[in-house]
J.: 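Dropping a structure here in structure tokens format, bear with me for questions.
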Amino acid sequence: MKSKRREERQAWLFIAPYTVGFGVFYLAPALISLLVSTTNLKYVSKFDNVAFVGLRNYLEMLGDKDFWNAVQNSLTFTLMYVPLIMVIGLVLAVLINQNIYGRNVVRTFFFMPYVSNMVAIAIVWSLLLDPMDGVVNKLLMSLGMTNPPMWLMSTKTSLLSVVLISVWQGVGLQFVTYLAALQGVPGELKEAAAIDGANRWQVFTHVTLPSIAPTSFLVLITSIIVSFKNFTIIQVMTDGGPGTSTTILPLSIIKAGFASFRLGYASAQAMFLFLIMMTVTVIQWRGQKKIVY
Amino acid sequence: MKKLLSNLLVMGMVLSLVACGSPEAPESPGATEAGAGQQETEGAAKETSDFIKIRMPIPASSVGAEENQILKDFAREHGYELEQIVLPDPEAGQPDKMLISLMAGDEFDVVYSAMSNLKPYYDAGVIEDLGAMAKARGDDIESIFGDYLMAFNDDVVGFPNQVDRAITMYNKTLLEEKGVPLPTMENWTWDKYIETAKQVRDKEADIWGSFMPTWVHYIYMLAMQKEVDVYTPEGKSNLDDPVFVEAMEFYYGLGNDLDIQPNYLLHTSKNMGHDGFMRGNVGMTVIGNWALSAWVIDLEKNPRDFEIGIAPMPYPEGYQPSTSVVVGGYWVPTTSKNKEASYDFAKLLAKNYYKLASRIPARIDLTEAEKSDYIQNVFAPVYTANDEITTEQIMASLFNEKTRPFSEKPVGAAAAEIKTMFANESQLYALGEASAEEVMARIHKGIEEAIETELSNR
Amino acid sequence: MKAKKIPYKKILLTAVMLVIGIVNIFPFIFTLSASFKPLNEIFAYPVKLIPETFIVSNYRALFSEEFSFVRWYMNTILRVTLTIVLKFGVVSLTAYAFAKMRFRFKNVVFLIFLSSLMIPQEAMIIPKYVIFKNIGITNTIWSLVLPNMFDVFFVFMLRQFFLSIPRDLSEAGIIDGCSHLKIMKEIVLPLSKPALITMVLFTFIWGWNDYMNPYIFITDTSKQMLSVGIKLFQVGYAADYGMQMAAAVLVLLPVLIVFLFAQKYFVEGVATSGMKG
């Protein structure tokens with residue numbers, strides 16, 4: 001009994017520094033944001049004009065075309081990004097998991113974009129994707145394509161372009177995660193299936209895929225969260241344009257907050273994004289319990 | 001109610017700190033950083049104990065400009081120690097670091113802004129009311145700066161340091177090579193500008209007739225020249241006037257249809273910036289006279305193998321010649337710890353800047369004699385020193401009283417939204433994805449809503 | 001004597017993967033090569049990876065007096081080092097408590113911590129600035145180090161890893177009369193090397209690449225970080241691609257070098273510790 005109380009006291013001591021820091025750097029700003037989302041606050045330096053507006057920001061948001069455009073862009077982004085990064089990550093992992101020379105070197109090549117600074121690398125991508133003189137389009141034209149895409153410079157392809165760049169940057173992590181999972185699949189299972197007359201594809205779909213299902217689920221969830229949250233690539237590549245074709249939710253928040261200086265409205269949008277992410281996370285917690293064997 | 005809310009907000013922010021302040025204390029304000037900072041100031045203090053320190057931010061893009069040193073020297077002569085703090089220029093869509101700093105209470109003493117960028121700072125209440133200070137001191141600033149004073153609703157917020165006027169700048173060498181008549185000082189219309197540019201344009205040789213940056217104000221420039229304003233007299237959006245569609249078609253047409261200057265697609269994908277003219281393969285550009293002092297005088301910093309001439313800003317046929325004007329100047333943030341000294345320094349610098357940087361004065365107290373003495377003996381010689389630009393050109397382009405000045409950018413309600421709306425939506429027309437009518441209708445609607453929101457939130 | 005069979009399949013597969021891999025890092029190769037080229041060659045097609053005119057003036061310009069490139073390097077190194085050292089202590093203590101100790105409201109507290117992962121940071125810039133200002137850490141390296149110390153993500157990751165350490169091991173410690181601090185130091189942490197190394201490496205990378213925080217919270221150029229510093233080259237005059245490429249190389253290089261040396265740990269860490277959010 002005594003030791004239990006001691007443990008309790010000790011535990012609180014252990015988490016005390018963290019709790020303090022968390023309170024200052026995460027909880028306090030978050031609560032302030034929540035409070036601000038119910039006001040018409042524009043400038044923190046000028047309180048005389050501030051008033052509580054209740055849910056007006058939220059109501060305005062629901063009727064705001066630009067906001068729904070941002071939601072739609074975010075969803076489209078996610079729907080393209082998540083399958084792409086999962087499939088490419090898995091395919092790369094399967095290929096490298098074969099018997100090849102210099103596996104480490106190849107593995108490095110795929111992981112490299114993940115560790116690099118996107119602000120620095122963005123400029124290269126805009127050079128490579130230049131509609132007229134970019135390497136990518138010159139290559140496409142020499143392969144016989146007469147009307148290569150305009151990539152970042154057209155509303156039709158801009159979102160796809162930033163998705164592709166994001167996948168290029170992020171796939172390294174997912175690929176390594178898959179690789180680890182694949183190496184954990186028991187060899188005997190595969191052998192047993194092969195003896196039973198299954199071909200390689202059947203072994204893959206019936207043995208390998210089910211065994212790595214928990215990993216796939218985690219990759220799915222993290223990719224969804226990343227796709228909703230990350231915006232650096234888009235901010236540096238297109239800043240949401242052309243038009244508003246690549247303005248995803250986080251960018252819309254930044255614009256409301258810092259181009260129009262409507263902090264209250266920006267905070268309301270942020271709370272909406274928070275809700276989406278919480279929903280995804282709750283699904284993860286529920287799902288984890290079911291899928292994990 | 002308002003008071004309660006503001007107290008709550010402040011309390012919320014502060015409470016979180018009080019609660020956590022003490023455990024943070026041992027490790028916070030960093031030993032290394034603070035130590036280094038102290039040493040610096042101590043060292044400086046010994047040397048400059050009599051000087052009044054002025055903290056002034058400058059944009060990263062101006063780093064290395066000769067002017068920074070000139071201002072420092074000027075400050076020193078008058079007993080001030082000017083500390084220039086380099087801030088990154090905010091890019092489109094990025095939070096304005098300067099404004100956030102000031103709102104949170106970071107200390108600056110004197111800040112330079114163009115009038116057209118000042119509105120958010122004024123709305124945020126971070127600008128000291130210089131008018132009130134002047135009144136308290138019995139300082140008659142009206143008689144020095146007159147209408148040039150930077151003011152919103154009769155609140156004087158800044159001392160103007162110069163007036164910037166748009167001009168035509170041309171590559172004399174290239175035009176003469178092509179055998180094209182040079183721009184004229186009289187009747188220099190857009191039609192003639194386009195005609196000249198067409199004759200210069202040489203696709204094979206990668207020579208452009210014209211080059212203008214992709215800045216937003218070019219999009220509605222023609223409408224302003226046709227004497228139509230962005231706002232209606234009631235302060236609503238006037239952008240449903242068809243002349244705005246015409247203005248946008250005109251500006252982008254220079255690249256997209258006439259092919260006399262790089263079109264929007266080329267410009268953006270090649271990241272051509274705003275100084276393409278200086279590459280030497282461009283006939284003409286229309287730009288503020290700040291470019292003259294930045295590009296023309298110092299041949300060492302901006303080496304070139306061609307001669308430059310200037311002419312007035314072109315105007316639409318059938319209208320009074322006009323030129324877009326930007327007033328810039330100094331203001332004192334409310335966070336300044338030494339407002340009286342900052343007021344003095346801002347005023348002193350504003351009064352003298354034009355001489356230091358060879359710019360157009362924003363003062364009404366100069367006598368005709370003083371003015372013409374400045375222009376003839378100080379201003380003109382600087383720009384004519386390389387034997388290219390003539391005094392006649394300078395008089396006609398920069399000091400022509402018959403030219404109607406108009407403000408380059410709107411400074412009224414929802415000015416920030418006008419800038420973003422134009423920047424975002426006009427891309428669609430520039431890239432050929434939507435008609436000019438559609439785009440302008442969308443901008444008009446967006447601005448109307450923005451103005452309404454701004455008014456309802458007051 | 002049986003002739004050694006040539007593993008055609010293995011060679012072919014290796015070749016294919018190598019080609020895909022090289023295409024994948026083409027942007028890096030392009031950057032490196034362009035940083036040594038004059039402007040007109042950067043746009044040349046077909047791309048020549050070895051510059052025809054080899055120049056180093058792009059690099060020389062970066063180290064001119066006008067920019068404090070070296071200073072930014074030092075600042076960034078100091079920042080990541082401080083973060084790593086301080087974070088290590090705070091985060092592992094917390095994660096240990098959540099994984100191995102019993103106390104009331106444990107799950108509630110953990111959930112509150114975790115939910116902060118989901119809040120879009122960009123909406124909190126202003127509240128954060130005001131708070132930082134009040135503690136007096138704006139425009140100091142601490143405005144970047146302190147918030148990062150309390151990273152929720154790694155509390156979560158380490159907790160998961162600590163949980164996977166068999167209870168018997170730590171329980172044995174308790175029976176022996178060890179304090180929790182001792183168990184953590186002598187049993188749990190040594191067993192968690194892969195996870196800890198992952199934390200260190202990722203903290204390094206994220207800190208090195210962070211753009212928004214230094215942009216907002218640091219004012220003085222001399223205190224600025226590298227990632228914002230290089231953006232200072234991109235304003236003002238028309239795009240000087242060569243110089244920007246050189247700047248990009250200088251930013252990327254340290255991270256890539258660290259990664260190349262530590263890549264074994266990266267991959268192992270990700271694999272064993274479940275860098276999965």
Side-chain angles (χ1 to χ4, degrees), chain A residues 7-8 10-12 14-15 17-18 21-22 24-30 32-33 44 95-96 98-102 106-110 112 115-117 119-121 123-125 128 133 135 138 173 176-177 180 218 221-222 225 229 232 250 253-254 257 263 266-267 270 273-274 277-278 281, chain C residues 10 13-14 17-18 21-22 24-25 27-28 30-31 43 45 47 90 93-94 96-97 101-104 113 115-116 118-120 122-124 126-128 130-131 146-147 149-150 155 180 205 208-209 211 227 230-231 241 244 247-248 251-252 255-256 259-260 263 266-267 270-271 275-277:
Chain A
E7 180 170 322
E8 166 121 18
Q10 223 174 12
W12 282 103
F14 270 40
I15 65 167
Y18 185 88
F22 176 82
V24 178
F25 297 110
Y26 293 93
L27 194 61
I32 292 170
S33 286
V44 270
L95 285 176
I96 289 188
Q98 310 287 315
N99 194 11
I100 65 166
Y101 296 107
V106 178
R107 199 172 61 182
T108 311
F109 285 177
F110 289 108
M112 237 163 100
V115 300
S116 59
N117 184 322
V119 178
I121 210 83
I123 179 107
V124 191
W125 272 107
L128 294 176
D133 291 333
V135 174
K138 287 223 168 136
L173 184 67
V176 171
T177 313
L218 281 172
I221 295 293
T222 38
I225 291 181
K229 216 171 137 179
T232 315
I253 295 171
I254 289 203
L263 275 187
S267 300
L273 186 51
F274 173 66
M277 309 248 267
M278 271 318 264
T281 314
Chain C
K10 193 172 170 184
L13 198 61
T14 306
M17 288 316 288
L18 219 55
I22 288 172
N24 200 55
I25 59 162
F28 296 100
F30 186 90
T31 311
F43 286 107
Y45 184 87
V47 183
V90 174
L93 270 177
T94 316
Y96 178 87
M101 295 167 93
R102 270 166 296 212
F103 57 100
R104 271 174 296 172
F113 285 176
S115 65
S116 79
M118 305 298 142
I119 299 170
E122 54 272 23
M124 304 201 296
I126 303 259
K128 267 185 165 171
V130 175
I131 291 175
L146 291 178
M149 269 170 64
F150 306 103
V155 172
H180 275 287
I205 289 174
W208 192 272
N209 292 338
Y211 178 78
S227 55
I230 58 156
K231 282 301 259 190
Y241 282 112
Q244 290 180 26
V251 175
L252 292 170
V255 187
L256 293 182
F259 170 66
L260 285 181
Q263 70 137 323
F266 259 102
V267 176
V270 171
M275 270 287 299
K276 295 148 189 169

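The model shown is predicted, which means the values in this text are computed figures rather than measured ones. Keep in mind that the numbers below use all heavy atoms, side chains included, and drop hydrogens, waters and symmetry copies. Lettering of chains follows the sequences in order, A, B, ..., and the numbering in each one begins at 1.
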J.: Between C:V255 and A:V115, which heavy-atom pair has the shortest distance, and what is it?
T.: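 Looking at all heavy atoms of both residues, the shortest contact is CG1-O, 3.2 Å.
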J.: For A:F14 versus C:A97, what's the shortest heavy-atom pair and its separation?
T.: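 Smallest heavy-atom distance, with atoms named: CB-CB, 3.8 Å.
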J.: Can you name the closest pair of heavy atoms from C:M124 and A:S33 and give their distance?
T.: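 Of all heavy-atom pairs spanning C:M124 and A:S33, the closest is CG-OG, 3.6 Å.
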J.: Given heavy-atom pairs under 4.5 angstrom as the criterion, report whether the side chain, backbone, both or neither of A:I121 touches chain C.
T.: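 For A:I121, side-chain heavy atoms alone lie under 4.5 Å from chain C.
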J.: Without swapping roles, check the side chain of A:Y18 against the backbone of C:F150 for a donor-acceptor pair under 3.5 Å.
T.: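 Yes, the answer is positive, given that a donor and an acceptor are paired below the 3.5 Å cut-off.
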J.: By a 4.5 Å heavy-atom criterion (distance strictly below it), what part of C:I22 contacts chain A: side chain, backbone, both, or neither?
T.: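 C:I22 touches chain A through backbone and side-chain heavy atoms alike.
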J.: Please name the pair of heavy atoms, one in A:A30 and one in C:I119, separated by the smallest distance, quoted to 0.1 Å.
T.: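 Reported closest heavy-atom pair: CB-CD1, 3.5 Å.
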J.: Please report the closest heavy-atom contact between A:N117 and C:S227, naming both atoms and the distance.
T.: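 For A:N117 versus C:S227, the nearest heavy atoms are ND2-CB, 3.6 Å.
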J.: Quick check with a 6.0 Å cut-off and a 45 degree axis cone: is C:K10 positioned over the face of A:Y101's six-membered ring?
T.: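 Output yes; distance and angle both within limits.
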J.: Can you tell whether the side chains of A:E8 and C:R104 come within less than 4.0 Å, N to carboxylate O?
T.: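 Yes, charged N to carboxylate O under 4.0 Å.
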J.: So which part of C:L252 gets closer than 4.5 Å to some heavy atom of chain A, the side chain, the backbone, both or neither?
T.: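 Side chain only.
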J.: Tell me whether C:Y211 contacts the main-chain N or O of A:T232 through its side chain, where contact means a donor paired with an acceptor under 3.5 Å.
T.: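 Between the backbone of A:T232 and the side chain of C:Y211 there is no qualifying donor-acceptor contact (under 3.5 Å).
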